[in-house]
Amino acid sequence: MAQGSLNKATHSGNSANDNRKVDTFARRQKLLQHRKSLPIATVERRLIDEVRKNDILIIVGETGSGKTTQIPQFLFNAGFCKEGKSVGITQPRRVAAVTVAKRVAEECGVELGQRVGYSIRFEDVTSSSTRIKYMTDGLLLREALLDPYLSRYSVIIVDEAHERTVQSDVLLGLLKNVQIARSKSNGQLNTETNGMVLEKENDVQSSIFLKHDQGKKFPPLKLIVMSASLDARVFSDYFGGAKAVHVQGRQFPVEIFYTFHPEPDYLDATLITVFQIHLEEALGDILVFLTGQEEIESVERLIKERVLQLPENNQRLVTVPIFSSLPSEQQMRVFAPTPAGYRKVILATNIAETSVTIPGIKYVIDPGLVKARSYDPKQGLESLTVVPISKAQALQRSGRAGREGPGKCFRLYPESEFEKLENSTKPEIKRCNLANVILQLKALGVDDIIGFDFIEKPSRSAIVKSLEQLFLLGALTDECKLSDPVGRQMSKLPLDPVYSKALIIASEFKCLQEMLITVAMLSVESIFYAPRDKLDEARAAMKRFSSPEGDHITLINVFRAANEFMEKNLTCGKEKADKILRKWCKENFINNRSLRHARDIHNQIREHVQQMGLHIVSCGDDVLNFRRCLAASFFLNAALKQPEGTYRALASGQIVQIHPSSVLFQKKPECLIYNELIQTNHKYIHKITRIDYLWLTELAPQFYSMQS
DNA sequence: GAGCACTGC
């Protein structure tokens with residue numbers, strides 16, 4: 001699968017140039033040859049037979065089997081796209097949806113967006129003639145809100161289901177119900193089911209299943225679940241013993257090495273292993289899995305120091321770091337070919353496990369650790385901690401050494417430790433805040449969340465906690481139904497429910513323009529980028545935007561400054577404007593990717609909000625009003641200063657600290673609201689604005705009763 | 001005076 005590979009697909013079929021035609025022809029011949037050589041090519045007919053026979057099919061295919069690119073084409077050729085119906089394929093990541101769609105369009109010799117297309121947030125490259133549609137799983141979930149029967153699809157393929165993202169887990173539950181509903185619409189199914197469809201039959205108002213499609217007939221929906229892990233049983237059991245077929249992959253052997261004893265210092269062991277490979281093994285690049293930016297930077301420094309101590313003819317070693325918050329130009333360095341005679345050492349976080357495929361890797365060093373997010377629903381506390389990886393992750397990591405030839409993987413722990421690892425990583429849905437998932441399900445007509453047929457059920461307490469949160473936000477009624485209009489409006493917005501509610505409140509406070517910017521900026525990764533070697537410059541740059549009131553207004557200042565800057569340069573073309581903005585970001589130590597993302601989100605939610613009929617007005621200089629609005633919106637995240645200078649979060653009673661990245665880090669206001677609480681070395685609150693304590697009882701009396 | 005793995009609508 002071409003995930004994250006940055007090959008530029010050349011579009012065929014639009015060339016007037018003869019030379020290019022020849023090139024295109026040669027390339028197509030090559031593609032055809034490649035397709036025929038894929039392991040999956042030999043089982044095309046068998047697979048199609050199985051799809052005809054089974055409404056649900058599990059396909060287990062290892063990497064390199066070609067299942068993602070080939071199966072949709074098999075289905076198309078077998079006539080599954082007749083009468084305007086489409087095959088939909090979901091991916092957990094945007095890049096994957098895009099790169100695979102490009103590849104398949106090329107293989108089919110069609111223009112991207114015609115027969116083969118893709119659809120991801122902010123980007124829809126499909127048309128009425130699209131029959132093979134790649135998309136992100138989250139997008140299909142959104143689509144289900146508008147078209148509950150997913151009526152345009154004859155087949156839906158959920159790819160990479162083993163990754164068990166929240167979105168794909170919810171999607172599987174939903175698809176199970178859609179399948180029942182469609183069969184039933186055809187009179188093919190009369191038995192009682194516990195799906196949402198039958199439950200909601202009498203409740204036309206809240207069940208979108210029956211709202212506009214009552215009496216309509218839908219052809220059955222075929223469902224294919226594709227997974228790379230051997231764990232097909234989970235999916236097969238979930239779908240009532242569904243048939244599973246295995247497709248061979250094409251992976252080279254990877255030799256695994258363990259240490260004899262546990263390593264007390266895995267960073268030191270990493271360094272030793274790097275140099276051992278460098279001095280003793282054949283040429284080939286090394287991929288090292290580390291837990292975070294800080295670790296990567298220090299290992300990089302140490303390698304650079306030690307390489308200078310080697311004899312000169314052994315010094316041909318280059319290091320390249322990659323992690324998500326690195327600016328994309330620097331991320332691209334991992335794809336640059338290694339200079340002849342050199343060895344490249346890539347120091348990566350988990351990003352290299354699935355999101356980015358780096359070519360040329362022959363050796364993998366795996367200390368067996370990962371920084372993982374966990375969530376404690378009782379305290380509403382998120383944590384980021386270093387924990388051991390699962391066996392499946394260890395396998396995925398070692399596999400990175402065998403993509404182009406035989407490889408070696410060095411696990412920096414004994415084999416006995418490997419045996420003790422969990423088989424697979426805990427699915428995300430069991431370790432996250434469920435407010436968003438619940439809001440979505442409610443909007444889809446699923447009222448009994450605890451009874452919903454999750455592939456793996458989140459804990460009852462996690463569900464209850466999120467229901468409570470939604471109730472406090474006014475999204476649910478006393479009967480735990482989606483409220484109208486508030487809950488219904490919130491479910492339409494692609495935002496954290498707290499932020500959706502903030503927009504609704506802001507329209508009452510007449511500061512919706514400011515809040516739109518705020519939630520867009522809060523929805524992206526850190527806006528400020530401070531490289532270690534230019535920390536002072538970066539700080540000075542941040543000062544130019546900072547507001548004494550706190551981080552929210554600081555973020556608005558950044559957004560508006562960028563906007564003004566763009567408007568000044570409106571006359572030049574789009575590409576030029578992008579380039580100018582990049583330069584502006586660099587000068588101001590702002591992460592260009594994050595800012596662009598925030599601008600996209602801003603545009604998207606502005607449209608949504610307009611369609612809802614909310615009025616986008618600015619409160620101008622009335623900062624006080626905006627702060628009151630923040631207090632009214634984020635009252636669940638209020639904190640009071642303690643005598644020692646720490647804070648007490650009022651809703652949970654936890655003792656927390658202001659994160660040093662906040663503009664209020666030194667100011668320490670008496671009372672504040674925050675938008676993020678995360679435990680690393682301490683419990684830190686991020687994105688803070690100072691408020692007046694009295695506002696809380698005034699603006700959120702339902703929560704802060706009259707005591708002062 | 002410290003640091004945040006990775007996705008997605």
Side-chain angles (χ1 to χ4, degrees), chain A residues 3-4 90-97 119-124 135-146 160 163-171 289-298 322-326 348-356 369-374 382-387 389 393 396 425 428-429 431-432 436-437 439-440 443 490-497 499-500 520 523-532 535 538-539 591 594 597 600-601 604-605 608 645 657-662 665-666 668 676-682 684-687:
Chain A
Q3 291 178 9
T90 71
Q91 295 290 323
R93 280 170 293 279
R94 294 162 51 102
V95 260
S119 190
I120 57 177
R121 187 179 187 182
F122 311 130
E123 219 183 315
D124 182 14
M135 65 199 126
T136 43
D137 35 30
L139 199 99
L140 186 60
L141 270 179
R142 287 275 160 195
E143 217 176 286
L145 283 174
L146 304 170
E160 313 285 3
E163 287 193 23
R164 304 295 307 275
T165 63
V166 174
Q167 322 253 27
S168 73
D169 266 18
V170 174
L171 197 54
F289 284 100
L290 296 168
T291 63
Q293 176 176 353
E294 227 176 11
E295 218 171 78
I296 288 173
E297 283 168 350
S298 81
I322 182 165
F323 44 87
S324 77
S325 61
L326 201 66
T349 60
N350 243 17
I351 193 170
E353 208 177 277
T354 47
S355 306
V356 171
L369 298 167
V370 66
K371 196 176 278 183
R373 188 186 284 255
S374 56
E382 273 187 312
S383 303
L384 266 171
T385 42
V386 173
V387 295
I389 57 172
Q393 271 180 299
Q396 174 74 18
T425 315
E428 200 187 351
I429 201 157
R431 49 188 173 90
C432 75
N436 217 344
V437 168
L439 193 63
Q440 289 259 307
M490 284 170 65
S491 72
K492 291 200 175 100
L493 290 162
L495 287 171
D496 184 316
Y499 296 161
S500 303
S523 299
V524 301
E525 290 300 303
S526 55
I527 282 286
F528 293 102
Y529 177 72
R532 193 181 293 254
L535 213 58
R539 220 168 272 160
N591 185 326
S594 299
H597 192 190
D600 284 340
I601 294 175
Q604 189 189 32
I605 57 180
H608 268 109
Q657 299 181 27
I658 299 183
H659 191 270
S661 64
S662 169
F665 178 63
Q666 278 156 329
K668 294 216 182 348
E676 213 179 323
L677 165 57
I678 191 154
Q679 172 153 15
T680 51
N681 287 336
H682 299 280
Y684 280 116
I685 48 177
H686 299 242
K687 318 283 174 58

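Quick note on labels: first sequence line is chain A, next is B, and so on, each numbered from 1. These numbers come from the heavy atoms of this one structure, side chains and all, not from hydrogens, waters or symmetry mates.
- Put simply, CD on A/Q440 is 16 Å from P on B/dG8, counting in whole angstrom units.
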Inset, instruction - I would like to know whether A/R93 and A/E163 meet salt bridge (charged side-chain N to carboxylate O under 4.0 Å, His left out); could you show each step before the answer? - result: CA-CA 11 Å; A/R93 280 170 293 279; A/E163 287 193 23; 2.8 Å; yes

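- Look at CG on A/N436: it is 18 Å from P on B/dT7, rounded to the nearest Å.
- Remark: side-chain polar atoms of A/E428 are paired, donor with acceptor, to backbone N or O of A/V166 under 3.5 angstrom.
- For the pair A/R94 and B/dC9, the criterion of a side-chain N or O lying under 4.0 Å from OP1 or OP2 is met.
- A donor-acceptor pair under 3.5 Å links the side-chain atoms of A/Q396 to the main chain of A/E353, judged by distance alone.
- Protein atom CG of A/D124 is 12 Å distant from nucleotide atom P of B/dC9, rounded to whole Å.
- Look at CG on A/L439: it is 12 Å from C1' on B/dC9, rounded to the nearest Å.
- Not counting sequence neighbours, A/H608 has no partner by the ring-ring contact (aromatic ring centres under 6.0 Å, His included) test.
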Legend entry - Protein-to-nucleotide contact annotation, 5' to 3' order, nucleotides 1-6 of chain B [B base; S sugar-phosphate only; - none; under 4.0 Å, heavy atom]: BBSBBB

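- When heavy atoms are screened at a 4.0 angstrom cut-off, A/L141 is found touching no nucleic acid atom at all.
- Side-chain atoms of A/R431 come within 3.5 Å of backbone N or O of A/R373 as a donor-acceptor pair.
- Judged by distance alone, with hydrogens and angles left aside, the side-chain atoms of A/T291 form no donor-acceptor pair with the main-chain N or O of A/K371 at under 3.5 Å.
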